[in-house]
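Below: one structure, written as structure tokens.
Letters A, B, ... mirror the listed sequences (proteins, then strands); counts begin at 1.
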Amino acid sequence: MTLRLRDTLTGAVRPLEPLEPGHVRIYSCGPTVYGPAHIGNFRSFLFADLLVRYLRYRGLRVTWVMNITDVDDKIIRGASEAGVTIAEMATTWLERFQGDATALRMTQPDVLPRATEHIDGMVGLIQTLLDAGHAYRTDDGSIFFRIASWPAYGRLARLDPSQLRTTERVEADEYGKTDARDFALWKGPKPGEPSWDTAIGAGRPGWHIECSAMSMAYLGPSFDIHTGGVDLIFPHHEDEIAQSEAATGEPFVRTWLHCAHLRLGGAKMAKSVGNISRVMDLLEAGVSARALRYALISVHYRQGLEYSEASLDAATAAIERLDALVAGLEAYREEREDAVDLDAVLVAARSGFEAALDDDLNVSAALAAVFAMVRELNRRLADRAISTGNATRALAFLRDLDAVLGILPDQADNPSDDLPAGARELLDAREAARAGRDWSASDRLRDELLAIGVAVEDTRDGQRWRRLEAVR
RNA sequence: GGCGACGUGGUGAAGUGGUUCAACACGGAGGUCUGCAAAACCUCUAUUCACCGGUUCGAAUCCGGUCGUCGCCUCCA
């Protein structure tokens with residue numbers, strides 16, 4: 001079985017067959033660094049992360065490129081208001097983005113190219129389009145793509161170009177075009193705006209062309225997978241296809257993957273709606289990063305996802321269930337023969353997990369396979385029906401699957417490093433109190449530990465602790 | 001107005017013609033274990049899949065209609 005993915009362009013679910021066998025090239029539309037990304041943005045980044053992690057888990061080589069849009073209207077306006085250069089503004093928010101990404105355990109893309117470092121590539125593409133008659137200049141030095149020259153325009157979004165509404169904003173914004181639906185490849189210079197002097201004249205790049213230029217620079221004229229949120233289908237990705245294929249004459253992307261929106265209060269999470277929630281704000285409010293990651297990835301990527309306190313609470317509880325098992329497996333000691341049938345449990349879990357993810361990344365079904373195994377392992381721990389070696393292997397197996405999910409607690413070399421200040425002393429005191437059967441002292445110390453976020457549980461292997469991933 | 005997605009229990013959510021088809025998680029009730037807890041385990045928590053009609057031996061699953069929700073139609077992940 002191989003991974004089958006649903007391509008937005010054709011609507012078909014097809015097996016992934018990389019252009020270069022064994023090597024998958026992926027481009028993801030990344031953040032525009034003019035402010036902090038919200039968790040809706042991160043849903044789409046984490047969906048790409050899950051894809052990349054799964055492909056690597058499956059033994060494929062992956063080259064993952066995620067662009068950084070560091071020049072656009074919002075950045076120019078924001079930098080101007082803050083009295084800094086666009087490069088300074090972009091760097092500030094890029095660092096914030098990377099901090100958020102790290103907190104949410106997003107895999108670091110192999111390349112994070114910045115638009116302003118690829119002006120040459122964009123100019124080259126635009127020149128080619130001009131030479132081929134797919135693009136034209138207007139009086140202000142701008143260059144537009146001529147949609148009428150590209151009959152396939154509208155296929156990705158299933159839009160009929162002749163039906164596109166021409167809004168007032170479009171007409172006002174794009175004055176000078178021969179057709180209101182044409183889109184900007186290059187914007188002529190304006191006072192107060194950054195401008196590059198290039199072979200096609202002075203000015204700055206349009207938004208869409210950067211993704212064509214940067215994907216080609218790192219992945220070639222044709223590559224395997226392009227991801228983004230559904231809101232990028234039109235016009236962004238439609239425009240990318242038109243300008244890329246018109247310039248190279250080759251098919252641009254083999255498989256388009258689009259992630260459905262994250263909703264809050266019933267509406268798409270968007271800055272313009274005002275219903276956004278930011279990663280760092282949530283983390284500072286005490287939300288567990290792992291629970292947030294779980295909440296964002298645990299629903300199929302093409303399914304709309306409503307974010308709420310309740311969804312976060314449920315995610316936190318699920319995470320703690322996993323944590324309790326990990327703590328249980330780590331602490332478990334039983335000198336006995338290995339249980340030979342444990343392998344069957346692990347094999348079943350792996351095959352269920354892989355079959356689910358192979359089916360267009362059905363993560364809900366994959367998690368069901370994991371939790372079925374969790375219950376079985378808990379049962380065997382409770383019955384003391386496996387050996388210490390079995391427990392060690394089961395834990396290693398869980399961590400193997402977690403290479404895809406990224407939701408298990410970190411593997412500390414010395415678990416005590418993870419304890420809050422003073423907790424070690426409280427744990428030692430409690431152990432001593434229990435040895436002396438001083439239950440009131442034992443209970444008091446347990447409460448004190450709980451208050452600093454450490455849950456203590458008594459087992460026949462002695463007292464065992466784990467950090468709580470509580471909300472607030 | 002055009003195009004598209006979706007509607008499954010208290011909640012989130014798998015399942016897209018029949019062999020457990022109603023997973024899994026959260027929540028709730030009862031029980032076991034425990035010095036007490038916690039965690040864990042066990043039992044229960046949708047004879048039913050928005051509604052109506054149709055196809056079929058058989059439908060949550062296919063077809064038609066109705067209602068509802070959400071998204072896209074040049075800021076957008």
Side-chain angles (χ1 to χ4, degrees), chain A residues 11 28-32 37-48 72-74 147 154 157-167 169-171 173-174 180-184 207-208 227-236 238-239 258-263 266-273 294-295 298-300 302-306 308 310-321 323-325 327-328 352 356 359 362-372 374-375 377-383 434 437 439-440 442-443 446-447 450 455-460 464 466:
Chain A
S28 297
C29 279
T32 298
H38 56 71
I39 59 177
N41 301 134
F42 270 99
R43 184 190 186 192
S44 86
F45 303 147
L46 291 179
F47 134 68
D72 93 318
D73 293 351
K74 290 175 191 159
I147 284 172
R158 290 166 223 284
L159 288 173
D160 177 353
S162 67
Q163 295 289 308
L164 292 184
R165 278 198 311 208
T166 302
T167 64
R169 200 180 70 73
V170 176
E171 289 186 325
D173 184 43
E174 312 288 17
R181 302 161 312 175
D182 290 343
F183 61 88
W207 174 36
H208 317 300
T227 77
V230 286
D231 48 2
L232 295 186
I233 292 174
F234 194 88
H236 187 53
E238 191 73 59
D239 292 351
H258 291 98
C259 168
H261 285 136
L262 184 71
R263 294 190 306 268
K268 163 189 174 181
M269 182 174 287
K271 200 170 181 184
S272 57
V273 181
Y294 185 95
S298 58
V299 171
H300 185 89
R302 282 191 286 112
Q303 176 84 25
L305 172 60
E306 172 78 26
S308 66
S311 70
L312 204 51
D313 288 346
T316 305
I319 287 286
E320 289 191 343
R321 179 166 167 78
D323 288 5
L325 174 63
D359 181 18
N362 187 341
V363 72
S364 298
L367 285 168
V370 170
F371 280 105
V374 168
R375 185 168 54 252
L377 290 174
N378 273 325
R379 203 179 279 150
R380 286 164 185 253
L381 288 183
D383 295 345
R434 292 186 64 73
R437 302 184 67 80
W439 304 131
S440 65
S442 167
D443 291 350
R446 181 168 61 201
D447 290 343
L450 194 59
V456 189
E457 291 154 10
D458 299 309
T459 74
R460 59 180 269 190
R464 159 182 113 191
R466 65 192 162 85

Inset, instruction - For the pair A:Y294 and A:F371, name the ring-plane relationship: parallel under 30°, tilted 30 to 60°, perpendicular over 60°. - result: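 A:Y294 and A:F371: perpendicular rings.
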Identify whether any heavy atom of [X] sits under 4.0 Å from a base atom; if not, whether one sits that close to sugar-phosphate; answer base, sugar-phosphate or nothing.
X: A:S311; result: nothing
X: A:L262; result: base
X: A:G328; result: nothing
X: A:H300; result: sugar-phosphate
X: A:A368; result: base
X: A:A356; result: nothing
X: A:A318; result: sugar-phosphate
X: A:G228; result: sugar-phosphate
X: A:K271; result: nothing

Legend entry - Where protein sits on nucleotides 31-46 of chain B, one letter per nucleotide: B base, S sugar-phosphate only, - none, heavy atoms under 4.0 Å: ----BBBBSSSS----
In whole angstrom, give me the gap between the [atom1] atoms of [N] and [M].
N: B:U45; M: B:G9; atom1: C1'; answer: 9 Å
N: B:G58; M: B:G17; atom1: C1'; answer: 8 Å
N: B:A23; M: B:A5; atom1: P; answer: 28 Å
N: B:U20; M: B:A46; atom1: C1'; answer: 15 Å
N: B:U34; M: B:A50; atom1: P; answer: 46 Å
N: B:G68; M: B:C62; atom1: C1'; answer: 22 Å
N: B:G64; M: B:C3; atom1: P; answer: 15 Å
N: B:C6; M: B:A13; atom1: C1'; answer: 14 Å

Starting at [atom1] of [X] and ending at [atom2] of [N], how long is that distance when rounded to a whole Å?
X: A:D231; N: B:A77; atom1: CG; atom2: P; value: 6 Å
X: A:D359; N: B:U16; atom1: CG; atom2: P; value: 8 Å
X: A:D239; N: B:C72; atom1: CG; atom2: C1'; value: 14 Å
X: A:I147; N: B:C73; atom1: CD1; atom2: P; value: 14 Å
X: A:I233; N: B:G71; atom1: CD1; atom2: C1'; value: 10 Å
X: A:R181; N: B:G2; atom1: CZ; atom2: C1'; value: 14 Å
X: A:F371; N: B:G12; atom1: CZ; atom2: C1'; value: 13 Å
X: A:E306; N: B:A25; atom1: CD; atom2: P; value: 23 Å

Taking all non-hydrogen atoms of both residues into account, name the closest pair between [X] and [Y] and its distance.
X: A:C259; Y: A:S44; answer: SG-CA, 3.9 Å
X: A:H38; Y: A:A270; answer: NE2-CA, 4.2 Å
X: A:R43; Y: A:H261; answer: NH1-O, 3.4 Å
X: A:A48; Y: A:S28; answer: CB-OG, 3.5 Å
X: A:H300; Y: A:N362; answer: ND1-CA, 3.9 Å
X: A:L232; Y: A:C29; answer: CD1-CB, 3.5 Å

Pairwise distance [atom1]([X]) to [atom2]([Y]) - rounded to 0.5 angstrom:
X: A:H258; Y: A:I233; atom1: NE2; atom2: CD1; answer: 4.5 Å
X: A:D182; Y: A:D239; atom1: CG; atom2: CG; answer: 10.0 Å
X: A:D73; Y: A:W207; atom1: CG; atom2: CH2; answer: 11.5 Å
X: A:E238; Y: A:L159; atom1: CD; atom2: CG; answer: 7.0 Å
X: A:I39; Y: A:L312; atom1: CD1; atom2: CG; answer: 8.0 Å

Table of protein N/O atoms under 3.5 Å from nucleotides 6-8 of chain B N/O atoms:
none

Legend entry - A:N41 vs A:A314, nearer the 5' end of RNA chain B by closest nucleotide: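 Closest to the 5' end, via its nearest nucleotide, is A:A314.
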Legend entry - Upstream residue (5' side of RNA chain B) when A:S272 and A:R263 are each assigned their closest nucleotide: A:R263
Legend entry - Side-chain (A:E306) to main-chain (A:G266) donor-acceptor, under 3.5 angstrom: yes
Inset, instruction - Decide side-chain contact (heavy atoms from CB on, under 4.5 Å) for A:K268 and A:D231; before the verdict, give the C-alpha distance in whole Å, the side-chain angles of both, and the deciding distance to 0.1 Å. - result: CA-CA 10 Å; A:K268 163 189 174 181; A:D231 48 2; 3.7 Å; yes
Taking the side chain of [X] as its heavy atoms from C-beta onward, which of [options] lies nearest to it?
X: A:L232; options: B:A77, B:G71, B:U74; answer: B:A77
X: A:R158; options: B:C72, B:A14, B:C3; answer: B:C3
X: A:L159; options: B:C73, B:A77, B:C24; answer: B:C73

Legend entry - N/O (side chain, A:K268) to phosphate O (OP1/OP2, B:C72) under 4.0 Å: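 Answer is yes, contact under 4.0 Å.
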Legend entry - Presence of A:N362 side-chain N/O under 4.0 Å of B:C24 phosphate oxygens OP1/OP2: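 For A:N362, the contact criterion (side-chain N or O under 4.0 Å from OP1 or OP2 of B:C24) is not met.
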Inset, instruction - Only stems of 3 or more consecutive Watson-Crick or G-U pairs count here, both distances under 3.5 Å; name the ones for RNA chain B, or none. - result: B:1-7 with B:67-73, B:10-12 with B:24-26, B:27-32 with B:40-45, B:50-54 with B:62-66
Inset, instruction - Could you check if a side-chain atom of A:E320 sits within less than 4.5 angstrom of a side-chain atom of A:T316, using non-hydrogen atoms only? - result: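 When only atoms from C-beta onward are counted, A:T316 and A:E320 do touch, with a gap below 4.5 Å.
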